[in-house]
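Start at 1 with the first residue, then count along the sequence. In each ligand, atom 1 is the first atom listed, and ligand 1 is the first ligand listed. Side chains are part of it too, since the values below use all heavy atoms of this structure and drop only hydrogens, waters and symmetry mates.
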Amino acid sequence: MTAGISAPGRARIPERTLRTDRWWMQPLLTTLGLATFVGYATIRAFSGVSYWVNDYHYLSPFFSPCVSTSCAPGSTHFGAWFGELPGWIPMGFLALPFLLGFRLTCYYYRKAYYRSIWQSPTACAVAEPHGKYSGETKFPLILQNVHRYFFYVAALVSVVNTIDAILAFHAPSGGFGFGLGNVILLGNVILLWAYTLSCHSCRHIAGGRLKHFSAHPVRYRAWTFVSKLNVRHQQLAWTTLGTLVLTDLYVMLVASGAISDLRFV
Ligand code: FES
């Protein structure tokens with residue numbers, strides 16, 4: 001081999017690493033965190049139960065938009081565009097593949113799973129187990145470049161989630177209502193927007209390819225705003241995984257009757 005740690009001129013060290021600290025802790029925690037989310041989301045998305053609270057119009061984000069006649073009555077905020085779905089198709093099938101693609105191709109998540117799962121490399125001064133490296137220049141990883149297009153769809157899905165959160169201000173008797181579920185749905189949607197807008201592609205769309213910011217004051221302002229969010233992209237990536245689970249879990253518990261929603265109005 002002539003590349004990587006076997007390249008000519010590199011010291012020949014038989015051990016994979018000489019590090020004695022717990023360098024494996026961060027990749028391990030990352031793997032566990034991602035696996036927990038993927039496991040939970042997969043089980044919930046395919047379960048098809050307890051995702052809609054008819055009294056308060058709470059809809060779980062994993063099932064939105066719900067656009068088939070299989071959806072619970074009242075949960076089809078945008079209409080039923082499809083007939084009955086077979087059990088193996090998740091109710092949120094319209095948005096889920098794009099949201100998955102958005103997160104999978106995200107620059108931060110790439111860093112996270114390249115290091116922790118693909119071990120390329122696992123940590124500084126820890127040799128990777130792969131013999132060669134072609135980066136994102138070949139299939140399939142070259143597909144990571146479609147991230148910008150997933151961003152456009154993810155922004156649309158955030159609009160859908162926002163509408164869901166607004167429609168959830170609903171009282172069982174009709175009219176305006178407000179409960180703990182609204183706080184959770186709204187908090188989730190605000191953080192989803194923060195994560196989506198903090199995207200590196202969004203930052204480039206806002207301020208990229210400009211020669212003079214002074215000639216484009218609106219785009220400069222947008223770029224400045226996105227840049228402030230962008231430095232928190234990693235934290236927002238993790239926080240939104242947590243708020244998505246929390247929101248779905250709360251809706252599931254209320255919908256199944258395990259707990260009652262705390263009502264303020
Ligand atoms: Fe993470 Fe775009 S870079 S969502």
Please determine, by modelled atom types, if Ser198 and Arg203 share a side-chain donor-acceptor pair under 3.5 angstrom.
-> no
Check the side chains of Asp261 and Tyr58 for a donor-acceptor pair under 3.5 angstrom, ignoring hydrogens and angles.
-> yes
For Thr240 and Arg103, test the side chains for any donor-to-acceptor distance below 3.5 angstrom and give the result as yes or no.
-> yes
Within the stated cut-off of 2.8 Å, is an N/O/S atom of Cys202 closer than that to atom 2 (Fe) of ligand 1?
-> no
Is the closest heavy atom of Phe102 to ligand 1 under 4.0 Å?
-> yes
So, is His200 placed with an N/O/S atom under 2.8 Å from atom 2 (Fe) of ligand 1, counting both backbone and side chain?
-> no
With atoms numbered from 1 as shown, which atoms in ligand 1 lie under 4.0 angstrom from a non-hydrogen atom of Cys106?
-> 1 (Fe), 3 (S), 4 (S)
Looking only at N, O or S atoms, find the one in His233 nearest to atom 1 (Fe) of ligand 1 and name it.
-> NE2
Taking the two cysteines Cys199 and Cys106, decide whether their SG atoms are closer than 2.5 angstrom.
-> no
Does even one non-hydrogen atom of Tyr195 get within less than 4.0 Å of ligand 1?
-> yes
Looking at Tyr107, does the NZ or CZ of Arg110 lie under 6.0 angstrom from its six-membered ring centre and within 45 degrees of the ring axis?
-> yes
Using a strict cut-off of 4.0 Å, indicate which atoms of ligand 1 neighbour a heavy atom of His147.
-> 2 (Fe), 3 (S), 4 (S)
Would you mind running through ligand 1 and noting each atom that sits below 4.0 Å from a heavy atom of Cys199?
-> 2 (Fe), 3 (S), 4 (S)
Any chance the side chains of Thr224 and Arg221 put a donor and an acceptor closer than 3.5 Å?
-> no
